[in-house]
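I have placed the structure first, in the form of structure tokens, so that the comments after it can refer back to it.
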Number of protein chains: 2
Amino acid sequence: MNKKHTIKDIAKLAGVSTGTVDRVLHNRGRVSEEVKTKVNAILKEIDFQPNIIARSLKSNKIINIAVLLPDPKLDAFWSPCLKGIKKIQKEYKSFNVILKTYYFDPLDNQSFLNSSDLVISEKPDAVLFTPFFSKESKQILHQLNELNIVYGTFNNPIFSNAISNFTGPDLYKSGRVAARLMDLITKDGKIIILHIDENYENATYMQKKELGFRDYFNMKDESKNKILAYNLKHTELEKSIGSIFSEHSDICGLFITTSKAHQVINVISDDILKHLSIIGYDLLEDNIKLLKSNKLQFLINQNPEKMVYNGLLQLVEFFLIKKDIPQTNYIPIEIINSENFEYYV
Amino acid sequence: MNKKHTIKDIAKLAGVSTGTVDRVLHNRGRVSEEVKTKVNAILKEIDFQPNIIARSLKSNKIINIAVLLPDPKLDAFWSPCLKGIKKIQKEYKSFNVILKTYYFDPLDNQSFLNSSDLVISEKPDAVLFTPFFSKESKQILHQLNELNIVYGTFNNPIFSNAISNFTGPDLYKSGRVAARLMDLITKDGKIIILHIDENYENATYMQKKELGFRDYFNMKDESKNKILAYNLKHTELEKSIGSIFSEHSDICGLFITTSKAHQVINVISDDILKHLSIIGYDLLEDNIKLLKSNKLQFLINQNPEKMVYNGLLQLVEFFLIKKDIPQTNYIPIEIINSENFEYYV
DNA sequence: AAAGAGTATGTGTTCGAACACATTTTTATC
DNA sequence: GATAAAAATGTGTTCGAACACATACTCTTT
């Protein structure tokens, strides 16, 4: 009953030739309304799924997809992305899918534009990119739309009313997950939220994490904790952290909204650390070391590999099986502690 | 440069026909040593990778895979497995992969044997099954080996020296993950490990979780907690739990090693619950309710869907691309709290 | 040297969908 | 109603690998 149907079967059922079925399937050429309706009815009835194998064997179309992301050499957070790219490449090689990777300097918005120009000049069929700098990203989106290039974005959302596609974490939820963890592992005292980043746009979406974090605590009846937030530059970390701790004596928790927890912890003395609960982001080697030595209690994994993998999968399936590309595709917010990190690296 | 080569190219290069190339590739029929060497040299030189698309289009071999697991209607833990099965089915339908699911009663080892007999009588190419009852499972393994049926096991390991394949959690690690969580959310007091299950074999591997859990605490310098373990039957839960709590006054944490946390929590009064930290397993509806209402702090997700998906993937890839089947394939130990569960259900 | 067996190699069809091309049917125009 | 143009539909080839079948070549054996 789960028999595979072919266009031949459908042709027979509809009393037409395979060519006509093909025309109906692809809205190619002309078919009389009457026949069209009949074939479509049959297609629907038996839920016809064309054999992708045969399809991609025949069509020698090559699907070129470009991936644009910050250079992993400049920020280690991005290096797991390469695994996701390789995985897709391997799985879809026989389907004539070709991926090409382009980097930019995450501290330099001109470099972002240059790389995107290069991407666009090569006229790929689709582009997956990190909308790292929001103003420039909107510019790129505009170009891609003009040229009818399919695209997806990943890692951070971009606030644009242009119809977009995004694969990544729900930042608000991410903050709530951290808050729940923090709530469970701290007693009374102040909790400090630290945003460490000099990129303004980046800071914008860090705010979402903060909002989620605060909301969790606000929604609780008892407010055992007072929550304060700071924006710090990583170049002045030691000084800033020092002054925060001298100003507040009863800090019980730190929530670091970026992958830079290791930089923060490095400038805090062990004496103080002993009484602190710290939650950070991302499985960088330096962060994992701290997890192992119990200086850091939890990491939240944004899973860059999965982001890229899922993002690319959507694009690939759009071409291969004409699957719609969803507006947003949230990936799981993964809680990591000292005992389960190895499954995620 | 990364040009795709076909057997036709190779035939031309070697000055033979495609039929001969085919014979060399598959060691089928007879080919003179001379030609064989020559063709092999060319195959190696250009690193020939046959087009799996074309291969599976042509080969009308149907790959029949049977999946044997407890009836989800009798134990809800198993129902996510069906999603994993459907996913593989959909992805590999065009590759002529056909899956068939068989159930057994998890409380009845005869039913397990009956179902496995049925599976074997249908002579599938491969079988993925839960070795739920260990003695019977060894018997099944033996039969499968005799009949040269490829197989994989999932969910729980089976302790047999027969070469096997297992997809599932590292139970020891799972215990450690729980222990780390428990350590962070409890202060001084007793921690109770509860095994709830009437199946002896099942209990055997629950021991592994207990060992991991205990080891974590043993390896710490300070031993703030005393750990006790009990085996309970779910039919006598109320009585047993009652007597445990009347015997020990300073219980601060419960670690329930099965998916039955909801049953335990239901027989504990809210007054007592308020001072308890509880960690359980698996995202059953009843458990999630408790997570939401904060009566349960953490759940560890064994991700039945992923177990089945990964297990089946290994079998499918064995047939499709002759990929070796690994001995063990541990899946991530996922930490779930009230804020991130929705990504996993 | 012819017949036959065994070995080595070549050819042709197939899988299902895509698409170019061929053919038939309908419609418009005089 | 003949003819051309346009519309509708049918047929045949192709993608790359698998495999059945056909053919060619080699070596015995009489």
| said: Please give me every residue in residues 43-52 of chain B whose heavy atoms get under 4.0 Å of an atom in DNA chain D, ordered by residue number. | reply: Phe48(B), Pro50(B), Asn51(B)
Between [N] ([atom2]) and [X] ([atom1]): distance, integer Å:
X         : N       : atom1 : atom2 : value
Leu57(B)  : dC15(C) : CG    : C1'   : 4 Å
Asn96(B)  : dA17(D) : CG    : C1'   : 14 Å
Arg55(B)  : dC15(D) : CZ    : C1'   : 16 Å
Lys8(A)   : dA18(C) : NZ    : C1'   : 14 Å
Glu33(A)  : dT9(D)  : CD    : P     : 11 Å
Leu320(B) : dA18(D) : CG    : P     : 12 Å
Ile62(B)  : dG16(C) : CD1   : P     : 10 Å
Ile53(A)  : dC15(D) : CD1   : C1'   : 13 Å

If we ignore hydrogens and angles and just use 3.5 Å, is the side chain of [X] paired with the main-chain N or O of [Y] as donor and acceptor?
X         : Y         : value
Asn51(A)  : Ile53(A)  : yes
Asn64(B)  : Asp125(B) : no
Ser115(A) : Phe112(A) : no

Any side-chain donor-acceptor pair under 3.5 Å between [X] and [Y]?
X         : Y         : value
Asn303(B) : Glu334(B) : yes
Asn165(B) : Gln314(B) : yes
Tyr309(B) : Glu91(B)  : yes

| remark: Axis-to-axis angle for the helix from dA1(C)-dT30(D) to dC30(C)-dG1(D), ends of five pairs each, to 10°, equals 70°
| field | Which residues share a salt bridge (charged side-chain N to carboxylate O under 4.0 Å, His left out) with Lys8(B), sequence neighbours left out | value | none
| said: Check this for me: Lys86(A), atom NZ, are more than 12 non-hydrogen atoms of other residues, nucleotides or ligands nearer than 6.0 Å? | reply: no
| Among dC15(C), dA8(D), dG10(C), the nucleotide that comes nearest once only the side chain of Arg30(A) is considered | dA8(D)
Report, one pair per line, the protein and nucleotides 19-22 of chain C atoms (nitrogen or oxygen only) whose separation is under 3.5 Å.
{"residue": "dC19(C)", "atom": "OP2", "partner": "Arg28(A)", "partner atom": "NH1", "Å": "2.5"}
{"residue": "dC19(C)", "atom": "OP2", "partner": "Arg28(A)", "partner atom": "NH2", "Å": "3.1"}

N/O donor to acceptor pairs below 3.5 angstrom from side-chain atoms of residues 21-32 of chain A, sequence neighbours left out:
{"residue": "Asp22(A)", "atom": "OD1", "partner": "His26(A)", "partner atom": "ND1", "Å": "3.3"}
{"residue": "Asp22(A)", "atom": "OD1", "partner": "Arg28(A)", "partner atom": "NH2", "Å": "3.4"}
{"residue": "Asp22(A)", "atom": "OD2", "partner": "Arg28(A)", "partner atom": "NE", "Å": "3.3"}
{"residue": "Asp22(A)", "atom": "OD2", "partner": "Arg28(A)", "partner atom": "NH2", "Å": "2.9"}
{"residue": "His26(A)", "atom": "ND1", "partner": "Asp22(A)", "partner atom": "O", "Å": "3.1"}
{"residue": "His26(A)", "atom": "ND1", "partner": "Arg28(A)", "partner atom": "NH2", "Å": "3.4"}
{"residue": "Ser32(A)", "atom": "OG", "partner": "Val35(A)", "partner atom": "N", "Å": "3.4"}

Check whether any side-chain nitrogen or oxygen of [X] sits under 4.0 Å from OP1 or OP2 of [N], and answer yes or no.
X        : N       : answer
Thr20(B) : dG10(C) : yes
Ser32(A) : dT9(D)  : yes
Ser17(A) : dG10(D) : yes

| said: Considering only residues two or more places apart or on different chains, which pairs with a residue in residues 61-99 of chain B satisfy ring-ring contact (aromatic ring centres under 6.0 Å, His included)? | reply: Tyr92(B)-Phe95(B)
| How far apart are the C-alpha atoms of Tyr102(B) and Glu122(B), what are their side-chain angles, what is the distance that settles it, and do they pass the side chain to side chain donor-acceptor pair (under 3.5 Å) test? | CA-CA 11 Å; Tyr102(B) 302 78; Glu122(B) 306 212 344; 2.9 Å; yes
| message | Check for me whether Lys323(A) meets the cation-pi criterion with Phe318(A), that is, NZ or CZ under 6.0 Å from the six-membered ring centre and within 45 degrees of the ring axis. | response | no
